[in-house]
Amino acid sequence: MAPTASISRRQREARNGHRGVAILLTGLPASGKSTLAQGLQAALFEQGRHSIVLDGDALRGGLNKDLGFADSDRLENIRRASELAALLVENGQIVVLAMIAPLVELRAVFAERLGADYREVWCSASLAVCEGRDPKGHYARARKGELPGFTGIGSPYEPPPHASLELDTGVLSAQQCVERLLGWLAPGLDSGEPSF
Ligand SMILES: Nc1ncnc2c1ncn2[C@@H]1O[C@H](COP(=O)(O)OP(=O)(O)OP(=O)(O)O)[C@@H](O)[C@H]1O
Ligand SMILES: [Mg+2]
């Protein structure tokens with residue numbers, strides 16, 4: 001059979017009824033990125049929109065299993081996520097990335113690869129709040145010296161200076177954060193050009 005013309009991004013977006021876009025939820029460990037990514041996805045699903053969550057933990061458990069936390073590995077972790085996100089955006093998906101991505105220079109990899117299709121959301125709960133939550137016990141282990149280079153304790157987290165949206169996940173409830181995310185995101189999804 002003769003090869004047929006490929007289906008364009010615009011055709012996929014027209015079929016989906018919304019544009020493709022990549023949203024990074026960035027913040028300290030335990031700031032609420034995964035919780036909000038799942039909440040946002042559930043809300044988008046209810047609206048009949050097509051989304052996928054790329055969670056840093058899940059990526060590190062599979063696609064990026066070979067990577068550690070050295071600077072070069074953190075960079076490769078982000079590079080692979082950005083390539084995957086670009087493929088999915090091209091496929092008309094709303095890609096919700098839940099990744100610490102602690103440094104400005106790491107997040108720049110997403111910005112460069114995804115261009116106008118990329119937005120940053122800062123989950124800005126403070127170190128004290130995040131450490132107080134510590135659902136995985138990682139902060140406690142880091143304080144004992146068992147996790148050298150753990151973000152927030154042994155290595156820095158640089159807040160995004162130009163986040164499109166800041167959510168104080170230490171003050172707002174998860175439900176309030178999801179409502180704000182949706183209110184910010186939804187209008188921009190309906191247009192051909194990003195308006196958010
Ligand atoms: N406003 C909020 N937004 C998100 N999570 C919240 C909020 N308030 C409280 N939480 C709680 O904080 C915890 C955040 O855990 P979560 O695993 O989502 O963080 P994370 O940023 O994905 O961490 P990690 O970097 O370790 O993956 C959860 O127990 C969640 O219920
Ligand atoms: Mg998480």
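The model shown is predicted, which means the values in this text are computed figures rather than measured ones. When a ligand or atom number is given, it counts from 1 through the structure's own listing order.
The nearest protein atom to atom 17 (O) of ligand 1, hydrogens excluded, is given as Ser34 CB, 4.1 Å; this is a heavy-atom distance. Of all protein heavy atoms, the one closest to atom 19 (O) of ligand 1 is Gly32 N, 3.2 Å.
The residues Asp66 and Arg60 are annotated as not salt-bridged, no charged nitrogen and carboxylate oxygen being separated by less than 4.0 angstrom. Classification of Arg79 and Glu76 as a salt-bridged pair holds, one side-chain N sitting under 4.0 Å from a carboxylate O. Salt bridge Arg9/Asp117: present, at least one basic N to carboxylate O contact under 4.0 Å.
Contact annotation: for Ser31 versus ligand 1, heavy atoms closer than 4.0 Å belong to both the backbone and the side chain. At a heavy-atom cutoff of 4.0 Å, ligand 1 is contacted by the side chain of Ile100 but not by its backbone. Under 4.0 Å from ligand 1, the heavy atoms of Lys136 that appear belong solely to its side chain. The proximity of Ala125 to ligand 1, defined as any non-hydrogen pair under 4.0 Å, does not occur for either the backbone or the side chain.
Residue contact check: Leu28 has heavy atoms under 4.0 Å from atoms 21 (O) of ligand 1. When each atom of ligand 1 is checked for a heavy atom of Cys177 under 4.0 Å away, the hits are 1 (N). Those atoms of ligand 1 with a heavy atom of Leu36 less than 4.0 angstrom away are 3 (N), 4 (C). In summary, the atoms of ligand 1 found under 4.0 Å from a heavy atom of Ala174, numbered by their order in the structure, are 1 (N), 2 (C), 3 (N).
Backbone and side-chain nitrogen or oxygen atoms of Ala30 are examined, and one is located within less than 3.5 angstrom of a nitrogen or oxygen of ligand 1. Between Leu172 and ligand 1, an N or O atom pair is found at a separation short of 3.5 Å.
By the 4.5 Å heavy-atom criterion applied to side chains, Met99 and Ile78 are counted as neighbours. Between Leu97 and Phe110 there is a side-chain heavy-atom pair separated by less than 4.5 Å. Looking at heavy atoms from C-beta onward, Leu28 lies out of side-chain contact with Ile100 at the 4.5 angstrom threshold.
More than 12 heavy atoms of other residues, nucleotides or ligands sit less than 6.0 Å from atom CG of Asp73.
Separation of atoms NZ (Lys65) and CG (Leu63) is listed at 11.5 Å; rounding is to 0.5 Å. Distance check: Leu40 CG to Ile94 CD1 gives 8.0 Å after rounding to the nearest 0.5 Å.
The number of protein N/O/S atoms found under 2.8 Å from the Mg ion (ligand 2) is 1.
Proximity of a side-chain donor or acceptor of Gln11 to a complementary backbone N or O of Ser8 within less than 3.5 Å is detected. Within the 3.5 Å criterion, the main-chain N or O of Ile7 finds no donor-acceptor partner in the side chain of Arg10. No side-chain donor-acceptor contact under 3.5 Å links Glu120 to the backbone of Leu25. Side-chain N or O atoms of Tyr139 include one that pairs as donor or acceptor with a backbone N or O of Pro29 at under 3.5 Å.
Of the candidates Thr169, Thr35, Val178, Leu25, the one placing a heavy atom closest to atom 15 (O) of ligand 1 is Thr35. For atom 11 (C) of ligand 1, the nearest non-hydrogen atom from the set Gln175, Arg133, Lys33, Gln176 comes from Arg133.
Residue contacts with ligand 1: Gly27 is excluded, as none of its non-hydrogen atoms falls under 4.0 Å. Contact annotation: Ala98 has no heavy atom less than 4.0 Å from any atom of ligand 1. Under the 4.0 angstrom criterion for non-hydrogen atoms, Asp55 is not in contact with ligand 1.
Distance check on atom 29 (O) of ligand 1: every protein heavy atom falls at or beyond the 4.0 Å cut-off.
Under the 4.5 Å side-chain heavy-atom criterion for grouping Ile, Leu, Val, Met, Phe, Trp and Tyr, Val95 is connected to Tyr118 within one hydrophobic cluster.
The aromatic rings of His18 and His50 are tilted relative to each other, their planes meeting at an angle between 30° and 60°.
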